[in-house]
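Numbers here simply count residues along the sequence, with the first being 1. Only heavy atoms go into these numbers, but all of them, side chains included; no hydrogens, no water, no symmetry mates.
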Amino acid sequence: MDAPLSPASPATLPTVAVVGLGTMGTGIAEVLARAGREVIGIDVSEAAAKQAVAALEASTARAVRRERLTEDERRDVLARFRTFTDLQAAADADLVIEVAPESYEIKQQIFRELDTVVRPETILATGTNALSVTRLAADSARPERVLGLHFFNPAPAMKLVEVVSSVLTAPTAVAAVTDLALELGKEPVAVGDRPGFVADGLLFGYLNQAAAMYEAKYASREDIDAAMKLGCGLPMGPLALLDLIGIDTARTVLDAMYAESRDRLHAPAPVLKQLSEAGLTGRKSGRGFYTYTAPGSSEVVRDALTPLTGEVVDGARTIRSVGVAGSGTMASGIAEVFAKAGYDVVLAARSEEKAEKAKSRIGKSLSRSVDKGRMTAEAAAQTLDRITPAGSYDAFSDVDLALEAVAEDLEIKQQLFGTFDKVCKPGAVLATTTSSLPVVACARATSRPQDVIGMHFFNPAPAMKLVEVVRTVLTGDDVHATVREVCAKIRKHPVDCGDRAGFIVNALLFPYLNNAIKMVEEHYATLDDIDAAMKLGGGYPMGPFELLDVVGLDVSLAIEKVLHREFRDPGLAPAPLLEHLVAAGCLGRKTGRGFREYARR
């Protein structure tokens, strides 16, 4: 993606030195040069400096081809970027941005040398995302002019810039770099000095949990990554993202976070240390969690852990008809999914009226699909005809798959499975859509626990592609094979996981949401800044507080409590602010107020 076009004349900090011309430093230099700044690129390696020039030449040539720059503008951009191997070149800079390796020793040496080179008023910025800005500032001759300026990779494309103040930083320095960020077309977020700041502080805890989940062999790397992409709309799965960031870099950031927080969620998963020390640092080395065609390549190649594709499923039972228990949004959505795929569906609720209402909701959904050109009116009518509403679960007597989508209450679900056990024919597969309760507890409510499995759909079921397939220790192999085959027929992506709290998605998502709430409790950052940081810096489709208000704070609290109860980790204890809002009846969009207020419809 190309950087924003340059303003006519740079008003703020016209000459900027960038120290360290790796991928990040080169990207920052490009953003600055294209925004009209004179850029002094400095790297001890002459090869790195030449590579930075070549990268800028290539990216600006692409911009000309795409008509984002004229040839004259390209020449001007290239003329504004000069490279050197000596810090003396920074003497005339108004701002120096240091993007050297994440080492106090290296960064402190650079800052000490810069003290003897630059003018007294020159602002010194560190690009660190893991080290203490305060510690670096304290070693400087003029700590008031030192701050953090944390860009995100790739710098030309990513909008977020975290402006990090220490207790020593002068407000004038913060104001100057904030104005610069705005002139560069970026969105600056003001944060205090703590490891990871906002975006990485939340992101790396989540990545660490994903690495620990993989290390525990709870789920495969492919399933963990697919679950978070399809279940949360993330641009990359966590293990692929760790490979992109660099596993050694991630370990450094987590070490720094854990040293400050002592939160076990930040203690680097042992697998990160093992991979780092083996030199398997991700894409840059050609191998990390995945294997790549060559060092630096993004192309994944098969290795010993890659699952076979096009695998024939043995022992699957034949599924022709499906019973869906429930009358809410999830139940009607799942019934719609199966009917669209050609299955005969019995949609049963506690009364005929509720079942008819649920079928009516499906009819409206299908009509919207027709209006949007996604299906024909004839296909919609045929789909609706496949759904038979029923006011009693006795209607499940002949279904091949009985699936419940009722209230997330274990007692209610166990009673329902007891009913399934009585009314469903031998050999029927019995499934629960629970997102947080133990599947085995539902299985034990029947005389045939081997037939019981979890099928966790995501809301809205017709749109969301993911299904978490949850085996208990009692689930039969043929039942598991059957559900995998059914997922393929209803055009959903199944991921396998074991029967423990949160499965894959919620076990990784909700600790991240909880940590975001803790940041607000600690007055470290505002709701708006945290939401902006995660959307702009992490590529999340929604910020954590937007998402919490959509999911419902009561639902979120219930899941947090389940996770805390199962894993007994103090770091998973629900944030008190979440509990207080729920107690006050502020449950999110559905009540008109959660973390934010909403206009009532």
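- Aromatic ring orientation, His456 versus Phe503: tilted (interplanar angle from 30° to 60°).
- In this structure, Lys357 places its NZ atom where only 12 or fewer heavy-atom neighbours from other residues, nucleotides or ligands lie under 6.0 Å away.
- Remark: Ser556 OG to Ile517 CD1 distance equals 7.0 Å, nearest 0.5 Å.
- Closest of all the heavy-atom pairs between Thr306 and Asp303 is OG1-N, 2.9 Å.
- A 4.5 Å side-chain heavy-atom check between Phe152 and Asp200 finds at least one atom pair inside the cut-off.
- Checked options Asp496, Asp499, Asp477; the residue passing with Arg471 is Asp477 (criterion: salt bridge (Lys or Arg N to Asp or Glu O under 4.0 Å)).
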Just do the side-chain contact (heavy atoms from CB on, under 4.5 Å) check on Val520 and Phe545 with the steps written out, would you?
CA-CA 10 Å; Val520 169; Phe545 297 101; 3.4 Å; yes
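- At a threshold of 4.5 Å between non-hydrogen side-chain atoms, the residues Ile530 and Pro544 count as touching.
- With rounding to the nearest 0.5 angstrom, the CG atom of Leu572 is 8.5 Å from the CZ atom of Arg264.
- The shortest distance between side-chain heavy atoms of Arg596 and Arg589 does not fall below 4.5 Å.
- Few gaps surround NZ on Lys518; more than 12 heavy atoms of other groups in view lie less than 6.0 Å from it.
- Under the 3.5 Å distance criterion, with hydrogens and angles disregarded, no donor-acceptor pair is assigned to the side chains of Arg386 and Ser321.
- Classified by interplanar angle (parallel below 30°, tilted 30° to 60°, perpendicular above 60°), the ring pair Tyr512/Tyr206 is tilted.
- Taking the six-membered ring for Trp and thresholds of 30 and 60 degrees, Phe420 and Phe396 have ring planes inclined between 30 and 60 degrees apart.
- Using a distance-only test at 3.5 Å, with no hydrogens or angles considered, no donor-acceptor pair links the side chain of Tyr393 to the main chain of Gly323.
- Val429 pairs with exactly one of Asp478, Asp451, Val452, Ile453 by the side chain to side chain contact (heavy atoms under 4.5 Å, CB included) rule, that one being Ile453.
- Shown here for Pro389 and Glu352, the closest heavy-atom pair between the two residues is O-OE2, 3.6 Å.
- Contact record, Thr432 with Lys413: OG1-CD, 4.0 Å, taken as the closest heavy-atom pair.
- The closest donor-acceptor contact from the side chain of Arg361 to the backbone of Gly328 lies under 3.5 Å.
- Taking 4.5 Å as the limit, some side-chain heavy atom of Met455 sits within range of a side-chain heavy atom of Cys487.
- Taken from CG in Leu272 to OG1 in Thr281, the straight-line distance is 12.0 Å, to the nearest 0.5 Å.
- For the pair Ser397/Asp394, no side-chain contact is recorded, criterion being any heavy-atom separation below 4.5 Å from C-beta on.
- For the pair Lys492 (side chain) and Glu468 (backbone), a donor-acceptor distance under 3.5 Å is absent.
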side-chain contact (heavy atoms from CB on, under 4.5 Å) between Lys489 and Ile319, intermediate numbers included
CA-CA 10 Å; Lys489 288 180 179 174; Ile319 305 293; over 6 Å; no
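- Arg320 CZ: 12 or fewer foreign heavy atoms inside a 6.0 Å radius.
- Atom OG1 of Thr419 is separated from atom CD of Gln414 by 12.0 Å, given to the nearest 0.5 angstrom.
- Taken from OH in Tyr292 to CG in Asp243, the straight-line distance is 3.5 Å, to the nearest 0.5 Å.
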Quick one, Asp398 with Lys425, criterion side-chain contact (heavy atoms from CB on, under 4.5 Å). Give me CA distance, side-chain angles, the key distance, then yes/no.
CA-CA 6 Å; Asp398 202 38; Lys425 66 185 180 183; 3.8 Å; yes
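- Residue Ala461 comes nearest to Met330 through the heavy atom pair CB-SD, 4.2 Å, listed as atom of the first residue, atom of the second, then distance.
- The structure places CE of Met534 at 9.5 Å from CG of Leu160, a figure rounded to the nearest 0.5 Å.
- Under the 3.5 Å distance criterion, the side-chain polar atoms of Thr291 are left unmatched by any main-chain donor or acceptor of Arg287.
- You'll find the side chain of Val486 reaches within 4.5 Å of the side chain of Phe338, heavy atoms only.
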Mind running side-chain contact (heavy atoms from CB on, under 4.5 Å) on Thr434 and Cys442 for me, showing each step along the way?
CA-CA 10 Å; Thr434 183; Cys442 296; 5.7 Å; no
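- Taking all atoms of both residues into account, the shortest heavy-atom contact from Gly543 to Lys535 is N-CG, 3.6 Å.
- Counting only distance, with no hydrogens or angles, the side chain of Glu579 and the backbone of Leu557 share no donor-acceptor pair below 3.5 Å.
- Between Ser436 and Glu408 the shortest side-chain heavy-atom distance falls below 4.5 Å.
- The number of heavy atoms from other shown groups lying within 6.0 Å of CD (Glu521) is above 12.
- Between Tyr540 and Leu547, every side-chain heavy-atom pair lies at or beyond the 4.5 Å cut-off.
- Looking only at atom types and distance, the side chain of Asn208 has no donor-acceptor partner in the side chain of Tyr258 under 3.5 Å away.
- Judged by distance alone, with hydrogens and angles left aside, the side-chain atoms of Thr482 form a donor-acceptor pair with the main-chain N or O of Arg317 at under 3.5 Å.
- Here the closest heavy-atom approach between residue Ala349 and residue Ser327 is recorded as CB-CB, 3.8 Å.
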